[in-house]
Amino acid sequence: MKLRYPSYYENFKCIAGQCEDTCCAGWEIDIDDESYAYYMSVEGEFGEKLRSLMKEYSSEDADVYERHGFSLGENRRCPFLNEKNLCEIYKELGEDALCYVCTFTPRNFFEFGGAREVAISASCPEAGRLIFGKKEKISFVEQETEGELDFEESEEELALARVVLHARNRAIEILQNREVSIEERTVSFLLYAKEVQGYLNEGREMEIPSVDTVKYMSEKEKWGKRYKSEMNLSQCYGYFLQRMCSFTAIASINAEWENFLEKLQSRYVKPENGMVQYEEDLEKLKLDIEETDREYVYEHLMVYYTFMCLARCVDDYDFLGKAKFIAISFLMIRDINMMCIAEKNGKFDLEDWQKIVRIYAKEVEHSEENLDYLAEECLFEEAYDLDNLCKSVSQ
């Protein structure tokens, strides 16, 4: 079996109680069946505590993957997370006693084409420091490892996996082409995704490797400039308002996210001059990116989501939909970044950026309900039509 991961993954290690955040609060903590059976067998006072704090999900519960979970405490904290942000199960029973989700979070696994891919979520502060900590382009490691996948793939599935992997790799090359701006790269990425989707829709997926990606990477092809010339400020501000509607409608799991949304609304939605303020702050953001030479963090953001999301189209053939999600994530994080820079009068650093991405990732990545909702928005809302999305990116 092949194992594939971004190179920074090799340096990841949970820092436990030293972490400024915790993986053990904010969302449901599911217990896999094997761990549940073990917890039911634990004797003594701690065993009684384990059983008293477990619950069985009803068939109507959404966004859970197992039949059992822990009953969360105040601020949706795991009941076994102590005041030092350390796990009592780990302390009492050892690392091997942790359930599957606690063992592997913040890792994200996806298996296809005879390979297991591993990503680490930016919802983890330590992961965020690794993802955005260096200016160099993100690279990836592929190696042979022992073991086999838990399922068999047909020849057709393996063939599809190969062309999807090819397309995902070409998409990353487009995003890492530093000869053009990140806005132009993102537009090229979306247009490339549209072409790939066309082959998938027509049942010609085996021809995807023939797509000419050079035109999407050429400095001569100023895709973004075409959309910028067609851009209407009032129209693009309307697309921002639609993004606000989309993201205020998703289920919220933490107060920090709600605080971001409230500040965005207070600065750009409620005032009569909201559109003018939005335009002025966007120009300040672009100036800040240029002065700090931090365009690479947006590149890393796009590459991070592209690696984690695009290949999942082997399940639903929706390559373009996933590319759109990546683009609206870019836009929403850019909006928050812009607002924070204005709020801090330019005193904005890499730690602030990592915090924004962390809060966004916690809100979106770990909720199937939120991901499904945003996928629906990408399908039906005018703001996420491909041309309109390209205009928003080019703004």
**Q** Parallel, tilted or perpendicular for Tyr360 and Phe247, by the 30°/60° rule?
**A**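 Geometry flag for Phe247 against Tyr360: tilted rings.
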
**Q** Sequence neighbours left out, what passes salt bridge (Lys or Arg N to Asp or Glu O under 4.0 Å) with Lys263? Give chain and number order.
**A**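 With sequence neighbours excluded, Lys263 shows a salt bridge (Lys or Arg N to Asp or Glu O under 4.0 Å) to Glu343, given in chain and number order.
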
**Q** Can you name the closest pair of heavy atoms from Leu175 and Ile182 and give their distance?
**A**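 Where Leu175 meets Ile182 most closely, the heavy atoms are O-CD1, 4.4 Å.
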
**Q** Taking side-chain hydrogen bond (donor to acceptor under 3.5 Å, both in side chains) as the definition, give me every residue that meets it alongside Gln176, ordered by chain and number, with sequence neighbours left out.
**A**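 With neighbours one apart ignored, the set is empty.
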
**Q** Can the ring centroids of Phe80 and Phe46 be said to lie less than 6.0 angstrom from one another?
**A**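 Centroid separation for Phe80 and Phe46: below 6.0 Å.
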
**Q** How about Lys55: does its NZ atom have over 12 heavy atoms from other parts shown lying under 6.0 Å from it?
**A**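 Count over threshold, so yes.
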
**Q** Using 30° and 60° as the class limits, which term best fits the ring planes of Tyr305 and Phe325: parallel, tilted or perpendicular?
**A**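 Answer is perpendicular, since the angle exceeds 60°.
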
**Q** Show the nearest heavy-atom pair for residues Met1 and Glu146, with the distance to one decimal.
**A**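 Looking at all heavy atoms of both residues, the shortest contact is CE-O, 4.0 Å.
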
**Q** Under the rule for salt bridge (Lys or Arg N to Asp or Glu O under 4.0 Å), what residues qualify as partners of Glu83, not counting sequence neighbours?
**A**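 So Glu83 forms no salt bridge (Lys or Arg N to Asp or Glu O under 4.0 Å) with any residue.
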
**Q** Using 30° and 60° as the class boundaries, would you call the ring planes of Phe104 and Tyr100 parallel, tilted or perpendicular?
**A**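 Because their plane-to-plane angle lies in the 30° to 60° range, the rings of Phe104 and Tyr100 count as tilted.
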
**Q** Between Leu233 and Tyr278, is there shared hydrophobic-cluster membership here, with clusters defined by ILVMFWY side-chain heavy atoms closer than 4.5 Å?
**A**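 Shared cluster, yes.
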
**Q** What distance do Met308 atom CE and Glu365 atom CD have between them, rounded to the nearest 0.5 Å?
**A**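 The CD atom of Glu365 is 3.5 Å from CE of Met308, to the nearest 0.5 Å.
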
